[in-house]
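Per chain, numbering begins at 1; letters A, B, ... match sequence-line order. Any value given below was found using the heavy atoms of this structure, including those in side chains, with hydrogens, waters and symmetry copies removed.
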There are 2 protein chains.
Amino acid sequence: MALRHAVLAALLDGEFSGYQLAKGFDIGVANFWHALPQQLYAELSRLEGEGLVAGREVVQEGRPNKRLFTVTDAGLAELESFAAAAAKPSFIRDDLLVKVQAVDGVDAAPVIAQLRERAAVAEAKTEVLGALLRRLRGDLDEDEFLRTGRRIGPYLTCLRGLAFERETREWCLRTADLLARRRAEAARGRAGG
Amino acid sequence: MALRHAVLAALLDGEFSGYQLAKGFDIGVANFWHALPQQLYAELSRLEGEGLVAGREVVQEGRPNKRLFTVTDAGLAELESFAAAAAKPSFIRDDLLVKVQAVDGVDAAPVIAQLRERAAVAEAKTEVLGALLRRLRGDLDEDEFLRTGRRIGPYLTCLRGLAFERETREWCLRTADLLARRRAEAARGRAGG
DNA sequence: TGTGACATGTAACGCGTTACATGATTTG
DNA sequence: CAAATCATGTAACGCGTTACATGTCACA
């Protein structure tokens with residue numbers, strides 16, 4: 001049950017509505033955790049019921065009212081005990097890797113196409129993350145920001161996300177090229193020679 | 001519902017029992033997909049019911065009987081259509097990253113400890129994966145194996161896993177050191193000066 | 001004699017996903 | 001006039017996790 005903690009961690013940066021959190025426009029959480037709006041609305045209501053966040057209605061004109069949430073002291077305490085508890089090991093869980101695992105037994109063409117598409121997505125994400133990092137550190141260079149900044153958690157998680165996306169891109173491209181070359185070889189083998 | 005496909009992909013390498021699959025001793029799947037024994041037993045039974053895998057009872061002496069499974073033609077067709085379908089985007093979902101995200105609001109000490117522990121786990125995993133890669137490619141060097149090998153899917157996914165674990169290790173160590181240095185600084189600041 | 005590996009399950013629960021529902025306002 | 005954005009939910013379903021259950025054999 002880490003979604004609630006991800007929400008609490010995100011709310012350390014200020015007041016947000018469920019809609020805002022869902023958009024992932026905010027800082028970093030979206031890079032390593034993802035949740036659908038319905039989940040967030042439900043989780044925020046539950047957290048409010050337990051007194052871990054406090055919500056306030058903001059009346060708007062020209063658009064629907066919204067509820068902005070902040071972390072309460074009880075919520076901070078909950079985060080504190082979460083952070084101190086043992087972390088579960090993580091692993092990659094990805095459809096595309098399953099497909100590559102099976103690539104010797106199935107047609108490689110769609111797998112190659114998906115690898116290239118994923119590489120493009122990863123590249124786009126590295127740019128978004130790069131821009132986010134620049135925004136977070138402001139005028140400072142990275143070392144100085146990390147030494148003296150007051151809110152470095154989101155920066156650190158963004159760095160992890162950036163490295164992950166870069167690795168993803170490189171592996172996808174390398175793997176796609178390799179599979180494409182093998183297909184070309186095999187076709188040549190069948191044709192003649 | 002990719003667990004069934006992960007199972008089918010794993011069974012491309014031969015006959016396995018639920019227990020063997022669960023142990024993850026086998027070929028690579030364990031590096032990017034994880035499932036508990038109960039899940040696998042249930043999934044294998046379901047797959048057998050749908051005719052996507054075929055199981056045969058192996059009577060053993062001195063230990064319990066087991067059921068070994070292989071992929072059927074229908075299973076291969078299922079894998080084929082899975083591989084051709086659009087892949088969902090993946091993302092990291094990790095408790096430890098949530099904790100780092102929140103590190104400005106909570107005590108950093110346990111987070112630092114967990115980062116170092118995770119780094120050690122990641123290092124151990126890189127060694128296991130390295131050994132697995134050597135075993136898979138046999139006498140050939142990597143390039144040659146990847147050009148000419150018949151079963152390269154597991155090798156490619158292991159490469160991804162290896163890169164991931166390396167990145168994880170580096171990031172964890174860097175982050176842990178940084179947080180530790182900040183704590184030391186803060187303590188010095190409070191003490192005197 | 002007890003711990004761990006081998007081997008396979010059932011049952012309950014909770015989280016995540018998909019589908020559905022509502023309704024105003026801005027933008028093209 | 002249609003589509004996207006803002007904004008919040010309910011309901012059903014399925015997968016993943018945790019806890020529980022069973023029994024043999026090897027090894028220390």
5' to 3', nucleotides 1-6 of chain D under a 4.0 Å protein heavy-atom cut-off (B base, S sugar-phosphate only, - none) gives ----SB

Between B/Phe69 and B/Phe16, is the ring centre distance below 6.0 Å?
no

Distance check needed: D/dG16 C1' versus B/Leu3 CG, whole Å only.
9 Å

Which part of the nucleic acid, if any, lies within contact of B/Ser45, taking any heavy atom under 4.0 Å across all strands shown: a base, the sugar-phosphate backbone alone, or nothing?
nothing

To the nearest angstrom, the CZ-C1' distance between B/Arg67 and C/dC6 comes to 16 Å

Counting only side-chain N and O atoms of A/Arg4, is one of them less than 4.0 Å from OP1 or OP2 of C/dC15?
no

Students often get this wrong, so: under 4.0 angstrom with heavy atoms, is B/Arg93 touching a base, only sugar-phosphate, or nothing?
sugar-phosphate

Quiz question: by atom type and distance under 3.5 Å, do the side chains of A/Thr157 and B/Gln101 form a donor-acceptor pair?
yes

What do you reckon, is CD of A/Glu117 surrounded by more than 12 foreign heavy atoms closer than 6.0 Å?
no

In whole Å, what is the span from the CG atom of B/Leu44 to the C1' atom of C/dA7?
13 Å

In terms of heavy-atom contacts, does CD of A/Gln39 have more than 12 from other residues, nucleotides or ligands at under 6.0 Å?
yes

Measuring to OP1 and OP2 of C/dG9, would you say a side-chain N or O of B/Gln38 lies under 4.0 angstrom away?
no

Take atom CZ of A/Arg56 and atom P of D/dA7, then tell me their distance rounded to the nearest Å.
13 Å

Here's a test of your reading of the structure: between B/Ala42 and A/Ala35, which maps to the more 5' nucleotide of DNA chain C?
B/Ala42

Angle by which the axis turns from one end of the helix from C/dT1-D/dA28 to C/dG28-D/dC1 to the other, five pairs per end, to 10 degrees
40°

Could you tell me how far apart A/Leu47 (CG) and C/dC15 (C1') are, to the nearest whole angstrom?
14 Å

Checking contacts here: which listed nucleotide (D/dC15, D/dT18, D/dT8) is nearest the side-chain heavy atoms of A/Ser17?
D/dT8

Walk me through it: do B/Leu79 and B/Leu12 pass the test side-chain contact (heavy atoms from CB on, under 4.5 Å)?
CA-CA 10 Å; B/Leu79 253 187; B/Leu12 288 179; 4.0 Å; yes

Here the distance between atom P of C/dA5 and atom CD of B/Gln20, to the nearest Å, is 16 Å

Write down the distance between CD (B/Gln39) and C1' (D/dG16), rounded to a whole number of angstrom.
5 Å

Atom CG of B/Leu36 and atom C1' of D/dA21: how far apart are they, to the nearest Å?
16 Å

All side-chain hydrogen bond (donor to acceptor under 3.5 Å, both in side chains) counterparts of B/Arg56, not counting sequence neighbours:
B/Glu15

Taking only Lys NZ, Arg NE, NH1 and NH2, and the carboxylate oxygens of Asp or Glu, determine whether B/Arg182 and B/Glu185 approach each other closer than 4.0 Å.
no

Nearest to the side chain of A/Tyr41, which nucleotide is it out of C/dT17, D/dT17, D/dA7?
D/dA7

Any sub-3.5 Å donor-acceptor pair from B/Thr175's side-chain atoms to B/Cys172's backbone N or O?
no

May I ask you to say whether A/Arg137 pairs ionically with A/Glu144, meaning some side-chain N is under 4.0 Å from a carboxylate O?
no

Carboxylate-amine/guanidinium proximity below 4.0 Å for B/Asp104 and A/Arg151
yes

